[in-house]
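Index from 1, following the sequence.
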Amino acid sequence: METPIYSFVADYMSSGMSRFHMPGHKGQSFLGCECRDITEIEGADVLSMASGVIAESQDNASHLFCTGSTLYSAEGSSLCIKAMLMAVLGDARKHGSKGNEYILAARNVHRSMIDACALLGIETEFIINNHSGSICESMVAVNDIENALNIKKREGKHYPVAVYITSPGYLGDIADVEGIASICEKYSLPLIVDNAHGAYLAFLEESRHPIKLGAAICCDSAHKTLPVLTGGAYLHISGRYKERYMETARRALALFGSTSPSYLVLQSLDLCNKYIAGNYRERLAGCINAVNSIKGCLKSKGICIMETEPLKIVINTACAGYTGTETGIEMREYGIECEYADIEYVVLMVTPENTKEDFERIRKWAGSTFLIHNKKNRLVMPRLSLKPPKREMSIREAVFSTSVLIDVKVSSGRICAAETVSCPPAVPIAVCGEVINQDMVKLFEVYNIKKVCVVDTPDL
């Protein structure tokens, strides 16, 4: 497969041109990558209105992912999420939406989704389900969404402009995207999927990518699971929604993104197309076999392994009486740096670029960890309340209100003005505009959150 962006930069490097343009390093080596770092010079195309080498590269990605259209982001899925919501909202208004629009969403949203709601003036109504988990999991089932929509129908209330889910979740749980998409189709609603952790799902033996399964629009953080520099991401639009969303999505990426996108990131996205078109599927299958072997090894030693997406190893350390934080420290002694650790879990993210030595370190750690040799009583973890919090303000009103940072201990009864979560995507203990209650305070304290940002109320 051709690499138009990378090849253009390679030709420019060999041209010997004097760089009387940005960036200021002029291609001289400081970090070592500067010679490949350019700006939007003649022939390099413009990301916000791509029609040359960037457009060609995006078309290559669209072909590989089997989408109606694929656009690049050099600012991660965070930028794509804002663009997705703007595209869906703009389309809804074009087709007769008369204000008071809202998104029906699972609560485990990335904080950039809440930011997008504030910027666009759209509300989010969170789906209530019967699963009470940690702040890193809130996967909704098909019937949770259909129940929520049926309630709207019975009460004569208007439907949301879209359904929004995050899958895979941070702990590797995967929603029934195909089933949820069919419910959305039944109610003539687009499905938005934050697939930041699942770009590789398109290249399994049988694709499990959201677009393939019926999503209208989704985002992938390429840098999370593919060999792409940090910040590289895709915004994918299905063929059925391309005409409706494409131009607004382009404008939104330009509106919320930098006018100076990183050409290093763009080149890595471009090169990734060639990588995927090569033997990536075989490498991925081999990696998944290696992960399954490691999971089997850990289970055989009595280590509590969660059922997850193929490229994650999630250990429930609380089963053995330890926190994930303690276990993460122990792992570092064996040369292992985890993706995430909290009071209950350790998350390891794997790709085909991990080496045999990496896997051997996990096996060596597993042979002597205190999770099997010094087990204690299982830790009893706090759980999120199933009762929906009281909302006092819209997300936009709360975010743009005058705010103050206060001690968590005195925050009960105050209105949350900024999200505070342990990691994105995670279930926010309190969302902007919601009233903080005593149960939330207890969870803040458990996760060692000492300060919260609340709406400034002068009379308090």
Side-chain angles (χ1 to χ4, degrees), residues 65-68 77 81 84-85 88 91-92 102-110 113 124-133 136-154 157 159-220 225 234-242 244-245 288 306-312 314 384 386 388 425-427:
F65 282 89
C66 300
T67 68
S77 285
I81 287 169
M84 290 194 301
L85 263 62
V88 170
D91 181 70
Y102 68 98
I103 303 288
L104 186 66
R107 197 170 169 94
N108 61 330
V109 295
H110 193 280
M113 191 271 193
T124 293
E125 185 172 309
F126 291 109
I127 301 162
I128 304 301
N129 62 22
N130 294 318
H131 173 71
S132 177
C136 289
E137 54 182 338
S138 179
M139 201 60 69
V140 294
V142 174
N143 63 334
D144 294 324
I145 293 172
E146 185 153 38
N147 289 342
L149 294 172
N150 280 333
I151 289 171
K152 298 295 179 187
K153 185 176 181 179
R154 288 197 303 269
K157 296 180 179 177
Y159 287 138
V161 296
V163 173
Y164 184 107
I165 63 172
T166 302
S167 175
Y170 204 60
L171 297 184
D173 41 349
I174 299 181
D176 179 2
V177 176
E178 189 170 23
I180 293 170
S182 68
I183 293 299
C184 291
E185 178 74 17
K186 177 180 174 180
Y187 288 87
S188 300
L189 295 173
L191 173 62
I192 307 171
V193 182
D194 175 354
N195 184 55
H197 285 250
Y200 74 95
L201 295 174
F203 309 103
L204 299 175
E205 186 175 350
E206 183 177 348
S207 174
R208 296 172 68 187
H209 193 267
I211 296 295
K212 171 73 172 178
L213 298 178
I217 189 169
C218 83
C219 62
D220 301 347
T225 58
Y234 310 105
L235 191 160
H236 300 296
I237 305 172
S238 72
R240 290 192 305 131
Y241 284 85
K242 179 179 178 179
R244 293 170 60 175
Y245 293 164
I288 291 170
M306 308 291 289
E307 291 299 318
T308 66
E309 51 156 304
L311 292 187
K312 273 201 177 82
V314 179
L384 294 159
L386 296 176
V427 181

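- Rounding to the nearest 0.5 angstrom, the gap separating the OH atom in Y164 from the CD1 atom in I217 is 10.5 Å.
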Go through it in stages, so that I can follow the logic: the residues are V88 and Y241, the test is side-chain contact (heavy atoms from CB on, under 4.5 Å), and I'd like the CA-CA distance, side-chain angles, deciding distance and then a yes or no. CA-CA 10 Å; V88 170; Y241 284 85; over 6 Å; no
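- For A196, the side-chain contact (heavy atoms from CB on, under 4.5 Å) partners are S77, D194, S221, K224, not counting sequence neighbours.
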If you apply the rule salt bridge (charged side-chain N to carboxylate O under 4.0 Å, His left out), what do you find for E125 with K157, and how did you get there? CA-CA 13 Å; E125 185 172 309; K157 296 180 179 177; over 6 Å; no
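- The shortest heavy-atom contact between I145 and I183 is CG2-CG2, 4.2 Å.
- Considering OH of Y187 and CG of L149, their distance stands at 5.5 Å, rounded to 0.5 Å.
- Between the side chains of H236 and N195, no donor N or O sits under 3.5 Å from an acceptor N or O.
- At least one donor-acceptor pair closer than 3.5 Å links the side chain of D144 to the backbone N or O of A141.
- Using a 4.5 Å cut-off on side-chain heavy atoms (C-beta onward), C66 and I211 make no contact.
- Once rounded to the nearest 0.5 Å, the distance linking NE2 of H209 with CZ of F203 reads 7.5 Å.
- Annotation: the span from I288 atom CD1 to L311 atom CG amounts to 5.5 Å, rounded to 0.5 Å.
- In this structure, L191 and C184 approach most closely via the heavy-atom pair CB-SG, 3.9 Å.
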When the side chains of residues 171-182 are checked against the rest of the protein, which donor-acceptor pairs come out under 3.5 Å, sequence neighbours left out?
{"from": "D176", "atom 1": "OD1", "to": "G179", "atom 2": "N", "distance (Å)": "2.8"}
{"from": "S182", "atom 1": "OG", "to": "G179", "atom 2": "O", "distance (Å)": "2.6"}

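- Considering CZ of R107 and CE of M113, their distance stands at 11.0 Å, rounded to 0.5 Å.
- Enclosure of atom NZ in K212 is not indicated, since only 12 or fewer non-hydrogen atoms of other residues, nucleotides or ligands lie within 6.0 angstrom.
- Of all non-hydrogen atoms in F65 and A199, the two that sit nearest each other are CE2-O, 3.5 Å.
- In this structure, S207 and A202 approach most closely via the heavy-atom pair OG-CA, 3.5 Å.
- For the side-chain contact (heavy atoms from CB on, under 4.5 Å) test, residues two or more places apart in sequence or in another chain that qualify with K186 are E146.
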Walk me through it: do T67 and I237 pass the test side-chain contact (heavy atoms from CB on, under 4.5 Å)? CA-CA 6 Å; T67 68; I237 305 172; over 6 Å; no
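- Put simply, CD on E309 and CZ on R208 are 9.0 Å apart, with the number rounded to the nearest 0.5 Å.
- The shortest non-hydrogen separation linking M139 to G169 is CE-N, 3.7 Å.
- For the residue pair Y200 and P310, the shortest heavy atom distance occurs at OH-CD, 3.1 Å.
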